[in-house]
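Starting from 1, each residue takes its place in the sequence as its number.
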Amino acid sequence: MSNITQPSNFSTIDQPSFSKCVRVCQNRTCKKQGAIKVLAAFAAFPMPDVTVTASSCLGQCGNGPMVLILPDMTWYSSVQPDEVSLLIENHLLGGQRVEQMLYYRFHPQKES
C-alpha cells in the first residue's frame, strides 16, 4: 500500500495557487549588473507563501539583473536593489505588476 501515498518531496504540487517563487538570475552578466544585491534585498524581506531563490541563467543576458516571478511568469529587467521594495509591495503583496519595470520582450508596453 505504500505506493499509494505520495512521498513528502512531492507535496509542493498541492500548494495553494497563491504560493509564489521569485527567481533572481545569478549568472555572469546579471552578477556584474548587481544581481547579488538584488537577491539580498529580496531575502531581507521574508514573506509568507513566497520563496526567493538564486537562479542560473534565465537566458536574457544584458538586460539584467533579471527577476522572474512564478507561477504568473512575470519578468522584470534591470532590477536595482532599491526597487525591490516596490516589487514586494505592489506585485508580491498587492497583486499588481509594476508596469514600468516589466521586461519589454515578454510584456510589451500597452499603447495609450
Side-chain angles (χ1 to χ4, degrees):
M1 290 283 171
S2 64
N3 62 351
I4 295 174
T5 59
Q6 278 190 322
S8 62
N9 60 337
F10 289 110
S11 64
T12 55
I13 293 170
D14 296 323
Q15 289 294 317
S17 61
F18 56 82
S19 293
K20 293 195 181 299
C21 179
V22 177
R23 298 183 67 196
V24 182
C25 181
Q26 297 295 299
N27 210 37
R28 270 188 236 155
T29 308
C30 281
K31 263 188 175 175
K32 286 180 185 173
Q33 295 172 317
I36 293 171
K37 290 181 180 176
V38 172
L39 179 61
F42 273 108
F45 294 99
M47 295 159 280
D49 300 314
V50 177
T51 304
V52 176
T53 61
S55 174
S56 57
C57 184
L58 293 173
Q60 304 304 315
C61 300
N63 295 292
M66 294 300 300
V67 173
L68 172 60
I69 299 179
L70 301 170
D72 45 348
M73 293 298 294
T74 302
W75 292 76
Y76 291 104
S77 60
S78 303
V79 177
Q80 298 305 306
D82 62 348
E83 298 173 319
V84 167
S85 61
L86 186 64
L87 289 179
I88 290 171
E89 289 172 24
N90 289 6
H91 190 128
L92 297 172
L93 299 176
Q96 298 295 315
R97 291 178 170 176
V98 181
E99 296 290 328
Q100 69 270 24
M101 293 175 64
L102 290 172
Y103 183 41
Y104 70 96
R105 287 193 179 158
F106 299 132
H107 307 288
Q109 296 295 316
K110 296 180 178 85
E111 307 237 352
S112 33

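Heavy-atom minimum distance, Ala41 versus Pro81: CB-O, 3.9 Å. The two residues Val24 and Ala35 come nearest to each other via the heavy atoms CG1-O, 3.9 Å. The heavy-atom pair separating Ser19 from Pro71 by the smallest distance is O-CD, 3.4 Å. Listed here is the closest heavy atom pair of Cys30 and Gly64: SG-CA, 3.8 Å.
Between Gln100 atom CD and Leu86 atom CG the span is 6.0 Å, to the nearest 0.5 Å. Note that SG of Cys57 is 9.5 Å distant from CZ of Arg28, once rounded to the nearest 0.5 Å. How far CG of Leu92 is from OG1 of Thr74: 9.5 Å, rounded to the nearest 0.5 Å. With values rounded to the nearest 0.5 angstrom, Leu58 atom CG is found 9.5 Å from Gln26 atom CD. Expressed to the nearest 0.5 Å, how far CG of Asn90 lies from OG of Ser85 amounts to 9.0 Å.
Both Leu93 and Val52 sit in one connected hydrophobic cluster of ILVMFWY residues. Membership requires side-chain heavy atoms under 4.5 Å apart, directly or through other members. The hydrophobic cluster containing Leu68 also contains Phe106, counting ILVMFWY residues as joined when their side-chain heavy atoms lie under 4.5 angstrom apart, directly or transitively. By the rule that hydrophobic residues join a cluster once side-chain heavy atoms approach within less than 4.5 Å of another member, Tyr76 and Val50 end up as members of one cluster. Each of Val38 and Met66 belongs to its own hydrophobic cluster when Ile, Leu, Val, Met, Phe, Trp and Tyr are linked at side-chain heavy-atom distances under 4.5 angstrom.
Using a 4.5 Å heavy-atom threshold, the side chains of Val22 and His91 count as separate. Between Leu87 and Phe42, the closest side-chain pair of non-hydrogen atoms falls below 4.5 Å. Between Val67 and Met101, the closest side-chain pair of non-hydrogen atoms is not below 4.5 Å.
With hydrogens and angles ignored, the 3.5 Å screen pairs no side-chain donor or acceptor of Gln33 with any backbone N or O of Ser78. A donor-acceptor contact shorter than 3.5 Å links the side chain of His107 to the backbone of Trp75. Although no hydrogens or angles enter the test, the distance criterion places no donor-acceptor pair under 3.5 Å between the side chain of Tyr103 and the main chain of Gln60.
Test Arg23, Lys20, Arg97 against Ile69 for side chain to side chain contact (heavy atoms under 4.5 Å, CB included) and you get one pass: Lys20.
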